[in-house]
Amino acid sequence: VILGPSVLTSVCISKTGNFTVTDEKRGRLFTYDSEGNLLYITGDQPGGTSTTAQGGLSNSIIKPIASDYLYRLNNDNVEEETVIVLDGSSKSIMLFETTEFGKAVNTATYLYQTGQIEDQISVDDNGNEIIVPGAESYWREVIRMNTNYELAYLGIGKALNRRGQYQEAMKYFELAHNATYYSKAFNSYRDAVLNENFNLLMSVVLVAVAAYVISKVTTYINNKNLQLAALAESEEEEKGEEVDE
């Protein structure tokens, strides 16, 4: 384990707004989104030592000097993203291609930042409806590959919360260990339940109030009648005593 603060030597920004910083001390790359959330880490652990370089590990970064994003077309004419790193120890340029997991994370992050959170229905040139995946679909793909990826649970929770599925969103926010969004979903769920059952609740309250008032009035009348009856009985007894005399 390499202890101590990181030594950052370079920063590069992708087309989608993510940025990658190189840590010379640990020989690793840390990629964040535009909001500062850590997306993934590239490079072998521990890294940053000459020992790992002697071991022949091709992705061991010893002394990163500079880094940048490189974009090129593959055989299918699809643009692929690569991070290139200049290593001052091995005097070489290392290329790190984005894995399927990294591509799913990058796509989900970009779609979320551009407001494409949920799947959208579009129409192609032939008039057929097609589903355009949003950030939520890619976050679910990320979870399929890594069930411990908390940022994916957070993204899915946000999508569910936007659709009004507050109770389901609370489950994902809990898995994401995000108390702030859990509280927001809980408040929305509570308000929705209250609004949905407002008439019933008001009816129950009114019935309870009416029952309470009726109970009090009935008790008062009964007590009053008892008092009047006792008074009448007392007056009759007094009249009886006068007649006897």
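A continuous path of ILVMFWY side-chain contacts below 4.5 Å connects L160 to V142, so both sit in one hydrophobic cluster. Both L38 and V11 are part of a single hydrophobic cluster, where members link through side-chain heavy atoms under 4.5 Å apart. Under the 4.5 Å side-chain heavy-atom criterion for grouping Ile, Leu, Val, Met, Phe, Trp and Tyr, L151 is not connected to Y112 through any hydrophobic cluster. Under the 4.5 Å side-chain heavy-atom criterion for Ile, Leu, Val, Met, Phe, Trp and Tyr, Y149 and Y181 are members of the same hydrophobic cluster. Both V83 and M94 belong to a common hydrophobic cluster when Ile, Leu, Val, Met, Phe, Trp and Tyr are linked at side-chain heavy-atom distances under 4.5 angstrom.
Shown here is Y189, whose OH atom has no more than 12 heavy atoms of other residues, nucleotides or ligands within 6.0 Å. Environment of CD1 in I84: crowded, with over 12 heavy atoms of neighbouring residues, nucleotides or ligands closer than 6.0 Å. For I65, the CD1 atom counts as densely surrounded, since its 6.0 Å shell holds more than 12 non-hydrogen atoms of other residues, nucleotides or ligands.
Judged purely by atom type and a 3.5 angstrom limit, S137 has no side-chain atom pairing as donor or acceptor with the backbone of P133. No side-chain donor-acceptor contact under 3.5 Å links D23 to the backbone of G27. In this structure a side-chain-to-backbone donor-acceptor pair under 3.5 Å is missing from N161 to G157. Listed for the D33 side chain is a donor-acceptor partner under 3.5 Å among the backbone atoms of E35. Counting only distance, with no hydrogens or angles, the side chain of T147 and the backbone of I143 share no donor-acceptor pair below 3.5 Å. In this structure a side-chain-to-backbone donor-acceptor pair under 3.5 Å is present from K91 to G88.
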Review item, side-chain donor-acceptor pairs of residues 99-107, under 3.5 Å, at least two apart:
unit_1	atom_1	unit_2	atom_2	d
T99	OG1	G102	N	3.1
N106	OD1	N18	ND2	3.4
N106	OD1	Y40	OH	2.9
N106	ND2	Y40	OH	3.3
N106	ND2	E81	OE2	3.4
N106	ND2	G102	O	3.3
T107	OG1	K103	O	2.8

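To the nearest 0.5 Å, atoms CG (N37) and OG1 (T31) are separated by 12.5 Å. The CG atom of N178 sits 14.5 Å away from atom OH of Y153, with the distance rounded to the nearest 0.5 Å. Considering CE of M170 and CZ of F186, their distance stands at 6.0 Å, rounded to 0.5 Å. A distance of 8.0 Å separates CD in E80 from OG1 in T98, rounded to the nearest 0.5 Å. The OH atom of Y69 sits 7.0 Å away from the OG1 atom of T16 when rounded to the nearest 0.5 Å. Atom-to-atom distance recorded for S6:OG and E24:CD is 11.0 Å, nearest 0.5 angstrom.
With hydrogens and angles left out, the side-chain atoms of K158 and Y172 include no donor and acceptor closer than 3.5 Å. With 3.5 Å as the limit, one finds no donor-acceptor pair spanning the side chains of S67 and T22. Using modelled atom types, one finds no donor on one side chain facing an acceptor on the other under 3.5 Å when comparing T20 with Y32. S34 and Q113 share a side-chain donor-acceptor pair at under 3.5 Å.
Note on E118 versus R162: salt bridge recorded, some NZ/NE/NH1/NH2 to OD/OE distance being below 4.0 Å.
The side-chain heavy atoms of S90 and K63, taken from C-beta on, include no pair separated by under 4.5 Å. Looking only at side-chain heavy atoms (C-beta outward), H177 and E150 come within less than 4.5 Å of each other. Residues I61 and R28 are not in side-chain contact: their nearest non-hydrogen atoms beyond the backbone lie 4.5 Å or more apart. Within the 4.5 Å cutoff, the side chain of T109 has heavy atoms near those of the W139 side chain. Annotation: side chain of K171 is in contact with side chain of E168 (closest heavy-atom distance under 4.5 Å).
The two residues G4 and R26 have their closest heavy-atom pair at O-NH2, 2.6 Å. When all heavy atoms are compared, the tightest approach of G134 to L111 is C-CD1, 3.6 Å.
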message = Under the criterion side chain to side chain contact (heavy atoms under 4.5 Å, CB included), I'd like the reasoning laid out for L29 against V85: C-alpha separation, chi angles, the key distance, then a yes or no.
response = CA-CA 9 Å; L29 309 177; V85 181; 3.7 Å; yes
ask   = Stepwise, does the side chain to side chain contact (heavy atoms under 4.5 Å, CB included) test hold for E141 with E136?
value = CA-CA 9 Å; E141 180 68 15; E136 181 183 359; over 6 Å; no
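The side-chain tip of K15 points at the ring of Y71 from less than 6.0 angstrom away and within 45° of straight on.
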